[in-house]
Protein chains: 2
Amino acid sequence: MSEALEAGCVPSPVASRKRQAVLEAAAKLFIGQGYGAVSMDAVAKAAGVSKATLYAHFSGKDALFAEIVRNRLSRLKTDSATVANHALPPRESLRAMGQHWMRFMLAPRTLAIYRIVVGEGTRFPDLARAFHAAGPDQGLAWMTAWVEEEIRLGRLRADTNAQRAAEQMVGLLRGNLYLRSVLGLQTTVTDAEIDEVVDAAAETFLRAYGTEPSPSPAAHAT
Amino acid sequence: MSEALEAGCVPSPVASRKRQAVLEAAAKLFIGQGYGAVSMDAVAKAAGVSKATLYAHFSGKDALFAEIVRNRLSRLKTDSATVANHALPPRESLRAMGQHWMRFMLAPRTLAIYRIVVGEGTRFPDLARAFHAAGPDQGLAWMTAWVEEEIRLGRLRADTNAQRAAEQMVGLLRGNLYLRSVLGLQTTVTDAEIDEVVDAAAETFLRAYGTEPSPSPAAHAT
DNA sequence: GTCTATATTGGGATAGAC
DNA sequence: GTCTATCCCAATATAGAC
């Protein structure tokens with residue numbers, strides 16, 4: 001790159017700083033208020049830059065938004081790399097994965113991104129695709145791999161369709177709790193609520209797919 | 001205007017007709033393009049009325065939108081009154097309910113409303129509440145009642161937590177298929193796909209909660 | 001690259017005639 | 001109740017100085 005190396009001009013660092021400030025401010029606003037409710041004026045003001053600067057870095061509101069979501073997705077991807085475990089008995093692994101999964105899905109940021117992608121999905125189809133690939137699809141792939149390995153280890157029934165079982169496990173986790181959170185009807189979720197849902201999901205999953213006879217008789221009732 | 005040649009005044013009928021036209025046009029637009037993408041100009045044009053007339057009937061865009069969603073919800077409510085059945089064996093009832101449920105959830109209109117409510121939920125909190133009450137909550141209540149009755153009839157395990165089991169059944173149905181449809185990644189769903197998911201959900205549910213020993217040995221694998 | 005100031009359009013809402 | 005024509009503001013995007 002032929003940057004003007006004149007005195008008095010500090011080209012890249014400042015640009016990066018401002019750019020970063022814009023990205024952070026915009027992320028906060030979009031996540032807090034959604035896409036339509038946030039104006040470029042508001043972003044510029046929150047970032048402490050002028051609108052002209054903003055437009056110097058991003059070609060428009062949609063490009064800025066896409067950049068935000070992509071950043072967030074890549075971060076989520078690495079955050080979620082909590083690995084399937086085969087050292088513990090299946091129930092314990094399922095519990096651990098379920099807990100992690102639920103906390104991730106119910107985190108305010110995750111919910112906010114989901115809401116935006118769903119709401120604006122028809123206007124940003126490739127964003128919806130990217131979201132699904134980096135989020136749900138990735139998670140499903142991990143879960144499927146775990147199921148396959150457990151089958152191989154003889155701890156899940158040999159006649160199990162691994163992918164469908166994985167989908168079902170995810171479905172069992174995503175109960176009313178998730179829907180209520182997505183709709184904003186329930187703003188706080190306690191650890192006890194999560195534990196309850198996760199334990200019940202693991203129990204049902206193992207009754208359907210486990211090879212151990214029938215773990216605990218009445219432990220499933222409230 | 002042809003009605004204008006009446007000497008007197010025909011107050012209500014015309015008003016109703018225009019009002020209805022506005023509602024229908026707006027519904028079509030909102031459902032097809034979402035909330036933010038539709039302008040009042042477009043609604044007026046599509047309905048064949050002027051904006052002034054539009055505003056004579058509805059106080060604003062949000063009120064019009066709320067009216068649409070409420071209409072749609074009440075219609076859905078009656079549509080969904082397909083009743084739980086206790087004459088058939090549990091597996092057949094589950095299949096029938098599951099099929100109906102899936103077709104309902106995957107219908108373009110239902111998906112569109114869900115998308116809008118999720119996307120604009122933070123701006124219209126009472127709409128989100130109404131949606132949940134008339135849709136998911138209602139459906140869950142029906143399913144819970146069905147489970148309770150089946151328990152009473154001895155066809156599901158006596159130690160079953162009916163509400164949680166109902167939630168889980170719904171979760172089992174809502175697999176990747178639903179998410180992909182919501183995100184617009186999959187625009188058409190075949191009956192075969194639905195059947196597959198529903199059958200698998202019923203199988204898993206009955207393995208976990210059924211009292212019959214173990215219905216069909218290898219019928220669950222692909 | 002960054003600012004201040006401004007251009008421009010889209011769209012929600014209204015005034016007044018009929 | 002309904003129309004035509006208009007107001008008015010908000011919000012995207014840009015021009016031009018430094």
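Letters A, B, ... are given to chains in the order of the sequence lines, protein chains preceding strands, and every chain is numbered from 1.
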B:Ala56 or A:Gly60, whichever maps to the more 5' nucleotide of DNA chain D: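 Between the two, 5'-proximity favours B:Ala56.
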Rounded to whole Å, how long is the line connecting atom [atom1] of [X] with atom [atom2] of [N]?
{"X": "B:Arg19", "N": "D:dT2", "atom1": "CZ", "atom2": "P", "value": "11 Å"}
{"X": "B:Tyr55", "N": "C:dA15", "atom1": "OH", "atom2": "P", "value": "13 Å"}
{"X": "B:Gln33", "N": "C:dG10", "atom1": "CD", "atom2": "P", "value": "16 Å"}
{"X": "A:Asp41", "N": "D:dT14", "atom1": "CG", "atom2": "P", "value": "14 Å"}
{"X": "A:Phe58", "N": "D:dA13", "atom1": "CZ", "atom2": "P", "value": "13 Å"}
{"X": "B:Tyr35", "N": "C:dG11", "atom1": "OH", "atom2": "C1'", "value": "12 Å"}
{"X": "B:Leu29", "N": "C:dG12", "atom1": "CG", "atom2": "P", "value": "12 Å"}
{"X": "B:His57", "N": "C:dT14", "atom1": "NE2", "atom2": "C1'", "value": "16 Å"}

Sorted by number, the residues of residues 117-124 of chain A with heavy-atom contact under 4.0 Å to DNA chain C: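 Under 4.0 Å from DNA chain C: no residue of residues 117-124 of chain A.
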Row check, A:Tyr55 ring normal vs A:Lys61 NZ/CZ: under 6.0 Å, within 45°: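 No.
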Candidate nucleotides C:dT4, D:dT12, D:dT2, ranked by approach to the side chain of A:Ser39 - the nearest: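 It is D:dT12.
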Residues B:Asp191 and B:Arg103 bridged, charged N to O under 4.0 Å: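 The answer is yes: the pair qualifies as a salt bridge.
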B:Arg95/B:Glu92 ion pair, N-O < 4.0 Å: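 Salt bridge present between B:Arg95 and B:Glu92.
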Sugar-phosphate only, base, or nothing, as touched by A:Gly48 at under 4.0 Å among non-hydrogen atoms: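 Result for A:Gly48 = sugar-phosphate.
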Sugar-phosphate, base or nothing in reach of B:Val43, heavy atoms under 4.0 Å: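 Since no nucleic acid heavy atom lies under 4.0 Å of B:Val43, the category is nothing.
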side-chain N/O A:Lys61 vs D:dA13 OP1/OP2, d < 4.0 Å: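 Checking A:Lys61 against D:dA13: no side-chain N or O falls below 4.0 Å of OP1 or OP2.
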N or O in side chain of B:Thr53 less than 4.0 angstrom from D:dC3 OP1/OP2: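 For D:dC3, OP1/OP2 do have a side-chain N/O of B:Thr53 under 4.0 Å.
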Distance-only donor-acceptor check, side chains A:Gln168 and B:Thr204, under 3.5 Å: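 Their side chains do contain a donor-acceptor pair, which is all the 3.5 Å distance test asks for.
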Aromatic centroids of A:Phe124 and A:Tyr35 separated by under 6.0 Å: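 Yes, they do, as the ring centres are separated by less than 6.0 Å.
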Short side-chain to backbone donor-acceptor contact, B:Trp146 and B:Asn85, under 3.5 Å: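 Checked: pair present.
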hbond_proxy B:Lys51 side chain to C:dG12 base (donor-acceptor, 3.5 Å cutoff):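 A donor-acceptor contact between them is present.
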Contact list for residues 20-41 of chain B, test salt bridge (Lys or Arg N to Asp or Glu O under 4.0 Å), sequence neighbours left out: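 Counting only pairs at least two positions apart or across chains, the salt bridge (Lys or Arg N to Asp or Glu O under 4.0 Å) contacts touching residues 20-41 of chain B are B:Asp41-B:Lys51.
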